[in-house]
Amino acid sequence: MIRQAQLGDKAICLQGRVPFRGERLTAEFVIPAARLADKPLTAVDLRRGSVVVSTLPNIQKHACLAQIVELEERGHEQLPEWRIVHVSADHEEHWREVDRFHPNVQSSGYSLCCADPASREAFVLAFGVGVEDHHRIAHGLFALQDGVFLEVEIPHDQMRSAAVRGFLERLIGEIGAPSNPTPRVSPPE
């Protein structure tokens with residue numbers, strides 16, 4: 001299925017179907033590690049536990065860095081037990097931009113450009129982030145629990161990062177976790 005999105009003043013066509021809540025990830029792929037990972041990202045990895053997948057078209061651009069940093073800060077604060085992984089369309093050397101300007105980002109990064117063509121296609125179609133006639137992918141956020149999609153955010157305006165705050169609020173509402181855990185204070189003695 002092809003969908004339209006905006007990229008500046010032009011329309012682009014996105015490939016793949018947007019996963020719906022409750023859908024199971026069935027695609028098979030292997031995405032090479034690019035940053036803070038010692039092995040490739042596989043579909044099997046995303047079928048275990050709670051994970052947020054962030055997709056990025058060009059990590060050297062502000063919108064991508066903003067998505068990485070905001071998800072890192074808010075995600076770890078609001079959902080500390082969830083893993084966060086970033087998948088970019090860029091070569092692994094572009095991840096040095098993150099290391100240079102945001103060394104506190106601890107989430108793993110993976111690069112689709114280095115994946116075999118079958119893995120790349122399986123990933124972009126499963127997540128609905130392929131860009132027709134281009135190697136880039138769309139900005140997106142995806143929450144999976146044991147391989148089942150719980151929340152999805154693919155912005156129509158692809159010049160902007162995905163709305164991390166709204167995505168996390170919807171996810172927290174979906175799983176029933178408190179959005180701002182109240183710190184426990186011991187009573188005075």
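Heavy-atom basis, side chains included; hydrogens, waters and symmetry copies ignored.
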Enquirer: Hey, are the side chains of Asp90 and Asn58 touching, using non-hydrogen atoms and a 4.5 Å cut-off?
Expert: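 Asp90 reaches Asn58 side chain to side chain.
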Enquirer: Give me the atom names and distance for the closest heavy-atom approach of Ala122 to Phe29.
Expert: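 The answer is CB-CB, 4.4 Å.
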Enquirer: Is there a donor-acceptor contact under 3.5 Å from the side chain of Arg136 to the main chain of Pro57?
Expert: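 Pair found, side chain donor or acceptor close to backbone of Pro57.
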Enquirer: Identify the heavy atoms of Pro155 and Ala162 that sit nearest to each other, and give their distance.
Expert: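 Heavy atoms of Pro155 and Ala162 come nearest at CG-CA, 3.8 Å.
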Enquirer: Quick check: do Glu153 and Leu171 have side-chain heavy atoms less than 4.5 Å from each other?
Expert: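 Of all side-chain heavy-atom pairs linking Leu171 with Glu153, none is under 4.5 Å.
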Enquirer: Going from CG on Leu150 to CZ on Arg21, what distance comes out if it is rounded to the nearest 0.5 angstrom?
Expert: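 If I round to the nearest 0.5 Å, the distance is 9.0 Å.
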Enquirer: Return the minimal non-hydrogen interatomic distance between Ala43 and Ala27, and the atom names on each side.
Expert: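 In this case the closest contact between Ala43 and Ala27 is CB-O, 3.1 Å.
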Enquirer: Could you walk me through whether Val131 and Gln158 satisfy the side chain to side chain contact (heavy atoms under 4.5 Å, CB included) test, starting with their C-alpha distance in whole Å, then the side-chain angles of each, then the deciding distance to 0.1 Å, before giving a yes or no?
Expert: CA-CA 11 Å; Val131 177; Gln158 282 291 308; over 6 Å; no
Enquirer: Do Arg47 and Glu28 meet the salt-bridge criterion of a basic N to acidic O distance under 4.0 Å?
Expert: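 Yes, charged N to carboxylate O under 4.0 Å.
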Enquirer: Go through the steps to decide whether Asp45 and Arg83 satisfy the test salt bridge (charged side-chain N to carboxylate O under 4.0 Å, His left out), and finish with yes or no.
Expert: CA-CA 11 Å; Asp45 296 327; Arg83 288 181 294 134; 5.8 Å; no
Enquirer: Within the 4.5 Å heavy-atom criterion, are Phe127 and Val152 side-chain neighbours or not?
Expert: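 The answer is no; the side chains never approach within 4.5 Å.
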Enquirer: So does Leu168 get a backbone contact from the side chain of Glu151, meaning a donor-acceptor N/O pair under 3.5 Å?
Expert: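 Answer holds: no.
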Enquirer: Would you confirm whether Asp146, through its side chain, and Arg48, through its main-chain N or O, come within 3.5 Å as a donor-acceptor pair?
Expert: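 Not a single qualifying donor-acceptor pair exists.
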Enquirer: Examine Leu112 and Val51 and state if one hydrophobic cluster contains both, with Ile, Leu, Val, Met, Phe, Trp and Tyr joined whenever side-chain heavy atoms are less than 4.5 Å apart.
Expert: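 Shared cluster, yes.
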Enquirer: Return yes if some donor-acceptor pair links the side-chain N/O of Thr55 with the main-chain N/O of Val87 below 3.5 Å, else return no.
Expert: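 Judged by distance alone, no pair lies under 3.5 Å.
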Enquirer: Find out whether Leu25 and Phe142 are in side-chain contact, i.e. whether some heavy atom of one side chain is under 4.5 Å from a heavy atom of the other.
Expert: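 No - every pair of side-chain heavy atoms lies 4.5 Å or more apart.
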Enquirer: Take atom CZ of Arg160 as the centre, draw a 6.0 Å sphere, and report whether it contains more than 12 heavy atoms from other residues, nucleotides or ligands.
Expert: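 Count not over threshold, so no.
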Enquirer: Nearest 0.5 Å please: distance from the CG atom of Leu79 over to the CD1 atom of Ile84.
Expert: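 Those atoms lie 8.0 Å apart.
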Enquirer: Do you reckon Leu41 sits in the same ILVMFWY cluster as Val30, going by side-chain contacts under 4.5 Å, direct or chained?
Expert: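 Different clusters.
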Enquirer: Membership question, hydrophobic clusters at under 4.5 Å side-chain separation (ILVMFWY): are Ile12 and Val18 in the same one?
Expert: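 Linked, Val18 and Ile12 end up in one cluster.
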Enquirer: Run the numbers on Glu70 and Ser161 for side-chain hydrogen bond (donor to acceptor under 3.5 Å, both in side chains), then give the verdict.
Expert: CA-CA 10 Å; Glu70 185 177 8; Ser161 63; 5.1 Å; no
Enquirer: Can you tell me if Arg120 uses its side chain to pair, donor with acceptor, with the backbone of His135 under 3.5 Å?
Expert: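 Judged by distance alone, yes, a pair lies under 3.5 Å.
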Enquirer: For the backbone of Glu169 and the side chain of Gln78, can you confirm whether one donor and one acceptor N or O come within less than 3.5 Å of each other?
Expert: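 Not at all, since once roles are kept as given, no pair shorter than 3.5 Å links the two residues.
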Enquirer: Do you reckon Ile175 sits in the same ILVMFWY cluster as Leu141, going by side-chain contacts under 4.5 Å, direct or chained?
Expert: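 Yes, same cluster.
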Enquirer: Rounded to the nearest 0.5 Å, what separation is found between the CZ atom of Arg24 and the CZ atom of Phe149?
Expert: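 Spacing of CZ (Arg24) from CZ (Phe149) equals 10.5 Å.
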Enquirer: What do the steps show when you test Gln4 against Cys13 for side chain to side chain contact (heavy atoms under 4.5 Å, CB included), and what is the final call?
Expert: CA-CA 5 Å; Gln4 285 207 330; Cys13 293; 4.2 Å; yes
Enquirer: Can Ile172 be reached from Phe167 by stepping across I, L, V, M, F, W or Y side chains whose heavy atoms are under 4.5 Å apart?
Expert: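 Same cluster: Phe167 reaches Ile172 through Ile, Leu, Val, Met, Phe, Trp or Tyr contacts under 4.5 Å.
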Enquirer: Do you know the tightest heavy-atom contact between Pro32 and Cys114?
Expert: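 Distance-wise, the nearest heavy atoms are CG-O, 3.4 Å.
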Enquirer: Taking the side chain as C-beta and beyond, is there a heavy-atom pair between Leu71 and His86 under 4.5 Å?
Expert: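 Yes; the side chains approach each other to less than 4.5 Å.
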Enquirer: Would you name the heavy atoms of Tyr110 and Ala33 that are closest together and state the gap between them?
Expert: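 It is CD2-CA, 3.6 Å.
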Enquirer: Do Gln67 side-chain atoms and Gly140 backbone N/O form a donor-acceptor pair below 3.5 Å?
Expert: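 Pair found, side chain donor or acceptor close to backbone of Gly140.
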Enquirer: In Å and rounded to the nearest 0.5 Å, what is the CG to CD distance from Leu14 to Glu132?
Expert: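 The CG atom of Leu14 sits 9.5 Å away from the CD atom of Glu132.
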Enquirer: Compare every heavy atom of Arg35 with every heavy atom of Val105, then report the nearest pair and how far apart it is.
Expert: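 Smallest interatomic distance, heavy atoms only, reads O-NH2, 2.9 Å.
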Enquirer: Can you check whether Pro40 reaches Ile31 side chain to side chain, under 4.5 Å on heavy atoms?
Expert: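 No, too far: nothing below the 4.5 Å cut-off.
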Enquirer: Hey, are the side chains of Arg17 and Glu23 touching, using non-hydrogen atoms and a 4.5 Å cut-off?
Expert: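 Yes. Closest side-chain heavy atoms under 4.5 Å.
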